[in-house]
Amino acid sequence: RSATPATTATPEQDPAPLPGLVIRPRSAMVMLRSGPGTSYKELGYANPSLQYVVMEWKERWFKVLIQDSRQTAWVRNDLVTLTPITAAND
């Protein structure tokens, strides 16, 4: 009978963004949330003049990086425009 090796906790790393995807809110009424659903805490409204780097997605929700804060938030996919990052967007 062999022993199962113990797992060790590793520090949580910052998630890597999905390759080359950003979103732009379609209006000033797009809510940023703490999780992928309307039952999660409202964090505030997304700025439609900014682009947000997509970190991951889950069902109908994108997890995005909030510029200059290193925080993340979730936004519903039908409220944003998804675009690839180009040199002009960098």
Side-chain angles (χ1 to χ4, degrees):
R1 203 171 157 174
S2 62
T4 304
T7 57
T8 56
T10 56
E12 190 172 318
Q13 297 178 356
D14 289 338
L18 292 176
L21 296 177
V22 294
I23 59 107
R24 185 180 298 271
R26 292 185 183 156
S27 79
M29 300 304 293
V30 174
M31 182 60 65
L32 297 170
R33 295 187 177 270
S34 63
T38 57
S39 62
Y40 288 89
K41 181 180 175 185
E42 296 177 346
L43 301 176
Y45 292 102
N47 183 338
S49 67
L50 297 178
Q51 291 184 330
Y52 297 82
V53 175
V54 176
M55 306 303 285
E56 67 179 276
W57 75 86
K58 184 176 184 176
E59 296 174 13
R60 295 177 35 195
W61 295 82
F62 290 117
K63 184 177 185 180
V64 297
L65 182 65
I66 300 172
Q67 292 180 357
D68 301 328
S69 72
R70 293 190 49 149
Q71 294 180 347
T72 58
W74 292 83
V75 62
R76 219 172 68 201
N77 68 354
D78 60 337
L79 302 176
V80 299
T81 300
L82 180 67
T83 58
I85 295 174
T86 63
N89 292 344
D90 289 339

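When a residue number appears, it is its place in the shown sequence, counting from 1. Every value quoted in this text rests on a predicted model; they were computed, and no experiment measured them. For the numbers below, each heavy atom of this structure counts, side chains included, while hydrogens, waters and symmetry mates do not.
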**Request:** Mind checking side-chain hydrogen bond (donor to acceptor under 3.5 Å, both in side chains) for E42 and listing every partner two or more places apart, or none if nothing turns up?
**Result:** R33
**Item:** Heavy-atom pair of closest approach, residues F62 and W57
**Value:** CD2-CB, 3.7 Å
**Results of salt bridge (charged side-chain N to carboxylate O under 4.0 Å, His left out) for R26 - residues two or more places apart only** = none
**Prompt:** Which pair of non-hydrogen atoms, one from L50 and one from Q67, has the smallest distance, and what is that distance?
**Reply:** CD2-OE1, 3.6 Å
**Message:** Tell me the closest heavy-atom pair linking P48 and P25, and the distance in Å.
**Reply:** CB-O, 3.8 Å
**Prompt:** Taking only residues two or more places apart in sequence, or in another chain, which ones meet A73 in a side chain to side chain contact (heavy atoms under 4.5 Å, CB included)?
**Reply:** L32, L43, I66
**Message:** Show the nearest heavy-atom pair for residues L65 and Q71, with the distance to one decimal.
**Reply:** CD1-O, 3.5 Å
**Item:** For K58 against P36, the heavy-atom pair lying closest together
**Value:** CD-CG, 3.9 Å
**Request:** State yes or no: do L21 and V80 share one hydrophobic cluster built from I, L, V, M, F, W and Y residues joined by side-chain heavy-atom distances below 4.5 Å, directly or via other members?
**Result:** yes
**Prompt:** Which atoms form the tightest heavy-atom contact between V64 and Y52, and what is the distance?
**Reply:** CB-CB, 3.7 Å
**Prompt:** Partners of S27 by side chain to side chain contact (heavy atoms under 4.5 Å, CB included), sequence neighbours excluded?
**Reply:** M29, V30
**Prompt:** Atom CE in M31, atom CG in L79: separation rounded to 0.5 Å?
**Reply:** 10.5 Å
**Request:** Would you mind reporting whether W74 and E56 have side-chain heavy atoms less than 4.5 Å apart?
**Result:** yes
**Message:** The criterion is side-chain hydrogen bond (donor to acceptor under 3.5 Å, both in side chains); which residues satisfy it with N77, sequence neighbours excluded?
**Reply:** none
**Item:** Residues forming a side-chain hydrogen bond (donor to acceptor under 3.5 Å, both in side chains) with S49, sequence neighbours excluded
**Value:** N47
**Request:** Would you confirm whether T72, through its side chain, and K63, through its main-chain N or O, come within 3.5 Å as a donor-acceptor pair?
**Result:** no
**Asked** Taking only residues two or more places apart in sequence, or in another chain, which ones meet R60 in a side-chain hydrogen bond (donor to acceptor under 3.5 Å, both in side chains)?
**Response** none
